[in-house]
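All figures in this text were calculated on a predicted structure; none of them were measured in a lab.
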Amino acid sequence: MWNVRNPELLIWVLSITCLMYVSLAYTPEDNYLIDCGSSTNKSVGDRVFVADNSDSNVLSTPQTIFVNTSSGPAASTNDSVLYETARIFDGASTYTFVIKKQGRLWIRLHFFPFVQNNYNLSMAKFSVTAQNFTLLKDFQVESGSLVKEYSLNITSDKLVLTFDPSVNSFAFINALEVFSLPDELIPLSVRTIGPQSSHQNLQKQALETVSRVNMGNRTVSRQDDDLWRLWVSDDVYLIHSNLAKFVSNVKAVNFSNGRLTEMIAPASVYGTATILNSDGDPRINANITWNFDVDPGFEYLVRFHFCDIVNNSQQTMVFNVYINSWFVYRYFDLRNLTSNVVGSPYALDVVVRVSDNPILNVSVGPSTPGELYPFVILNGLEIMKINNSRSSLDVADSISSTNSKSKVGVIVGLAAGGFVAFVSALVVFLMCRRRKLAHVDHSKEDEEFALRGERKFNADGTTIGYRFPFTAIQEATDNFTESLVIGVGGFGKVYKGVLSDDTKVAVKRGAPQSQQGFAEFRTEIEMLSQFRHRHLVSLIGYCDEGDEMIIIYEYMENGTVKNHLYGSDLPSLSWRQRLKICVGAARGLHYLHTSSAKAIIHRDVKSANILLDENMMAKVADFGLSKTGPGIDETHVSTAVKGSFGYLDPEYLTRQVLTEKSDVYSFGVVMLEVLCGRPVIDPSRPREQVNLIDWAMKWYRHGQLEEIVDPRLSDDIKPESLKKFGEIVEKCLAERGVDRPTMGDVLWNLESALPLQENEEKSIPYGESCSHTNFVNQVENNASTEQFSMVSMGDIADVSMSKVFAQMVREDER
């Protein structure tokens with residue numbers, strides 16, 4: 001019996017009772033939990049998964065097929081009891097769930113393939129749809145337990161979930177969850193980042209959970225989350241773990257200000273964090289970076305979770321947040337955003353589109369270089385895929401739909417072709433006749449201008465190439481027919497074309513959704529207009545009519561170095577060919593680094609950006625990310641990280657310190673590709689071989705570099721040449737830029753590796769440059785008489801002595 005004479009005690013008890021009520025686990029209004037294939041209910045924590053036959057009105061299927069196993073997943077977990085049974089579908093089958101509360105639902109599909117009763121579940125191949133969304137297309141689970149999680153906004157009184165086996169196959173499911181989500185969990189509209197920032201309306205979109213990560217090197221189990229979410233530890237995604245420090249202080253988390261609840265993320269997530277490790281360097285200027293696998297061609301909702309659990313008033317808490325090369329938030333002020341409430345959680349949502357890179361790179365780093373003990377923190381991260389324009393969340397369905405579009409386009413084009421053929425022929429005839437009459441009295445140069453369009457100039461009078469009319473490019477590429485596509489990249493597709501004067505060209509057309517926008521388009525044109533070198537791909541022209549961003553280059557008959565090393569059926573290159581390709585590419589890069597007052601840093605050196613002409617001569621291409629290097633009184637350029645995953649200089653990746661040595665590192669990676677004949681990252685290989693750099697350098701340090709040489713080279717490489725090549729690679733891949741050689745030194749050593757392969761000292765026929773000894777003598781004999789002509793200047797631009805380059809190569813090579 002309460003003592004009413006002590007009102008303070010009564011108030012205290014009532015307060016505690018209210019708090020206990022508020023802290024009870026979330027109770028969804030719609031809540032379907034099914035242990036598929038089971039004849040008995042199963043308890044998982046505080047939830048009960050009902051037997052599969054408890055409600056026959058939910059499922060419509062041709063026949064009932066249950067299978068079971070006592071083995072379960074290899075790793076015993078709280079939910080492993082769900083994987084002892086499964087339901088088999090040998091025909092299209094439909095779950096129909098009655099929905100009481102319209103709004104967001106979570107759908108969790110549990111899979112664990114086992115073999116039982118003549119069914120090998122790893123052989124199942126099927127598709128899954130929910131309402132009008134494709135969740136899975138021709139899906140297979142080869143091994144291990146797997147949970148696929150989706151979020152749909154249901155605006156009707158039913159949810160229809162369909163399992164459809166592929167031809168000559170079957171479908172299966174081990175367990176199924178369908179339950180309501182709190183209204184505040186998924187926002188209606190989110191800011192997008194990238195070249196065209198706007199807002200994405202998520203109200204009608206379906207989402208798939210790709211990654212849900214708890215920073216601080218701690219896993220949060222489903223039983224510790226009110227929405228039964230699994231938060232995996234961030235250590236497996238962390239790059240350069242030496243830059244990170246893990247902290248934990250769950251007691252500091254404070255939800256009392258009402259901004260967020262534990263529905264967004266539990267206290268166990270906000271109470272742990274990964275912070276920047278400044279113990280060894282109090283003025284460290286580096287990013288903490290995590291890498292995640294994603295499917296290109298989709299947009300992603302990315303949610304960052306932040307919470308100040310350190311409470312160090314001596315440190316500022318302002319930093320930058322990045323996704324890939326984009327700023328998510330510059331000068332992110334956590335304390336200001338949480339009204340200086342220590343331990344107050346904060347969530348930041350953005351949408352980003354991933355075009356062609358299967359890796360999503362997330363970073364946090366200092367906003368002020370040189371700051372004493374910079375504070376950078378991240379507590380949690382969620383990545384959710386957004387359905388594409390075809391209402392699909394499966395990349396396989398996205399690819400097949402693209403192919404279908406192409407086929408439909410061909411059919412429509414053929415049908416329309418007959419109608420417009422006569423009109424087109426007449427127009428072409430009249431245009432050609434008019435052009436011929438207009439050019440009767442023109443000079444040959446004037447004729448070229450008329451064929452190719454208007455020529456443009458910079459403010460200083462230097463040319464920036466021909467501005468082609470869009471119709472001329474359409475004609476050259478047969479209206480961008482798919483059969484002429486010779487490459488696809490972040491900017492768009494590259495087509496083979498033939499101009500009206502029979503010049504073969506490569507036409508790079510920017511896609512509307514390209515992440516490489518107008519800035520990169522203009523950069524590439526301006527860069528290529530400044531330089532002429534036999535080892536740089538030449539610019540022929542461009543087009544910027546309307547929304548078009550098109551660049552026209554010389555056509556490189558033999559495509560990319562990448563395609564000659566792996567991923568195609570092209571004949572293998574000999575070691576001598578590979579060496580000469582490296583020499584040529586190094587010459588092109590060295591020219592960029594030394595031919596003007598400020599170095600030009602390529603920033604995207606990779607085997608796909610080194611092209612081969614009809615004579616297998618290497619030329620560096622794709623200058624959209626290029627940047628002017630530091631001035632005389634500067635050591636580096638500070639800039640957001642751009643480039644290709646696997647090739648990025650670690651110093652540039654973590655500290656945004658960009659120098660010519662960043663290109664040297666990337667070139668070292670290319671040299672490894674050339675030596676090993678495989679990609680930089682190859683997930684299909686055993687774990688220790690996935691990363692080419694780690695794998696190759698391990699063998700190099702053991703003095704057994706021959707163990708990782710491309711098997712197709714067999715005994716083609718002579719030990720002396722291989723040893724020299726390995727020494728160059730090892731120096732290029734040094735962690736710190738100051739420890740790497742210049743590109744001139746790399747070139748010098750590469751040229752030395754060729755005679756070692758051939759067992760004789762002779763000049764390199766690539767560009768017919770003279771030998772080093774003769775060249776040094778020539779320089780010494782002519783240094784005082786200045787007898788170098790313009791022609792000899794062009795030759796000098798291809799040799800490897802850095803000091804000579806600095807004095808002689810300033811002239812454009814013609």
Side-chain angles (χ1 to χ4, degrees), residues 28 30-99 105-131 135-136 138-150 152 158-166 169-180 208-209 222 228 230:
D30 292 293
N31 190 27
Y32 295 92
L33 308 175
I34 303 175
D35 183 14
C36 302
S38 174
S39 58
T40 60
N41 294 350
K42 300 285 181 62
S43 294
V44 178
D46 58 355
R47 297 194 298 165
V48 176
F49 283 73
V50 300
D52 203 0
N53 58 2
S54 63
D55 189 350
S56 58
N57 296 324
V58 171
L59 177 63
S60 173
T61 186
Q63 61 177 315
T64 299
I65 307 175
F66 288 179
V67 291
N68 64 81
T69 179
S70 58
S71 59
S76 179
T77 60
N78 288 323
D79 54 4
S80 60
V81 294
L82 300 177
Y83 302 125
E84 295 174 356
T85 61
R87 179 185 276 272
I88 304 292
F89 304 110
D90 61 353
S93 304
T94 302
Y95 285 95
T96 303
F97 299 102
V98 176
I99 302 302
L105 291 176
W106 253 343
I107 301 172
R108 289 198 185 118
L109 310 177
H110 294 256
F111 301 102
F112 175 65
F114 54 78
V115 180
Q116 191 74 13
N117 297 343
N118 298 321
Y119 282 99
N120 183 350
L121 302 191
S122 65
M123 303 299 294
K125 189 175 183 180
F126 55 96
S127 301
V128 181
T129 60
Q131 307 299 72
L135 307 185
L136 297 168
D138 293 331
F139 174 68
Q140 282 187 283
V141 189
E142 295 183 358
S143 62
S145 60
L146 176 67
V147 179
K148 302 290 285 186
E149 181 181 275
Y150 305 91
L152 275 67
K158 291 181 181 179
L159 166 66
V160 179
L161 189 65
T162 303
F163 289 76
D164 191 7
S166 301
S169 190
F170 60 94
F172 81 96
I173 181 76
N174 297 85
L176 179 62
E177 300 177 53
V178 175
F179 61 92
S180 308
E208 176 188 354
T209 302
R222 298 186 190 279
W228 308 283
L230 174 65

From CD (Glu177) to NE2 (His110), nearest 0.5 Å: 3.5 Å
Give a yes or no answer on whether the side chain of Ser180 reaches the backbone of Asp30 with a donor-acceptor pair at less than 3.5 Å. yes
Can you check whether Phe112's main-chain N or O pairs, donor with acceptor, with Asn174's side chain at less than 3.5 Å? yes
Could you pull out all donor-acceptor pairs under 3.5 Å where a side-chain atom in residues 159-166 meets a protein atom, sequence neighbours excluded?
{"from": "Ser166", "atom 1": "OG", "to": "Lys125", "atom 2": "O", "distance (Å)": "3.2"}
{"from": "Ser166", "atom 1": "OG", "to": "Asp138", "atom 2": "OD1", "distance (Å)": "2.9"}

Using the ring of each side chain (for Trp, its six-membered ring), is Phe139 parallel, tilted or perpendicular to Phe126, with breaks at 30° and 60°? perpendicular
Side-chain donor-acceptor pair under 3.5 Å between Ser93 and Thr61, yes or no? yes
Return the OG1 to CD distance between Thr85 and Gln116, rounded to the nearest 0.5 Å. 11.5 Å
Listed partners of Val115 passing side chain to side chain contact (heavy atoms under 4.5 Å, CB included), at least two apart: Asn120
Set out, in order, the CA-CA distance, both residues' side-chain angles and the distance that settles side chain to side chain contact (heavy atoms under 4.5 Å, CB included) for Val178 and Trp106, then state yes or no. CA-CA 6 Å; Val178 175; Trp106 253 343; over 6 Å; no
So how far is it from Gln131 CD to Ile107 CD1, rounded to the nearest 0.5 Å? 7.5 Å
Assess the pair Tyr95 and Tyr32: is the distance between their ring centroids shorter than 6.0 Å? no
Output yes when a side-chain donor or acceptor of Asn41 lies under 3.5 Å from a complementary backbone atom of Ala51, and no otherwise. yes
Pairwise distance OH(Tyr83) to CG(Asp35) - rounded to 0.5 angstrom: 10.5 Å
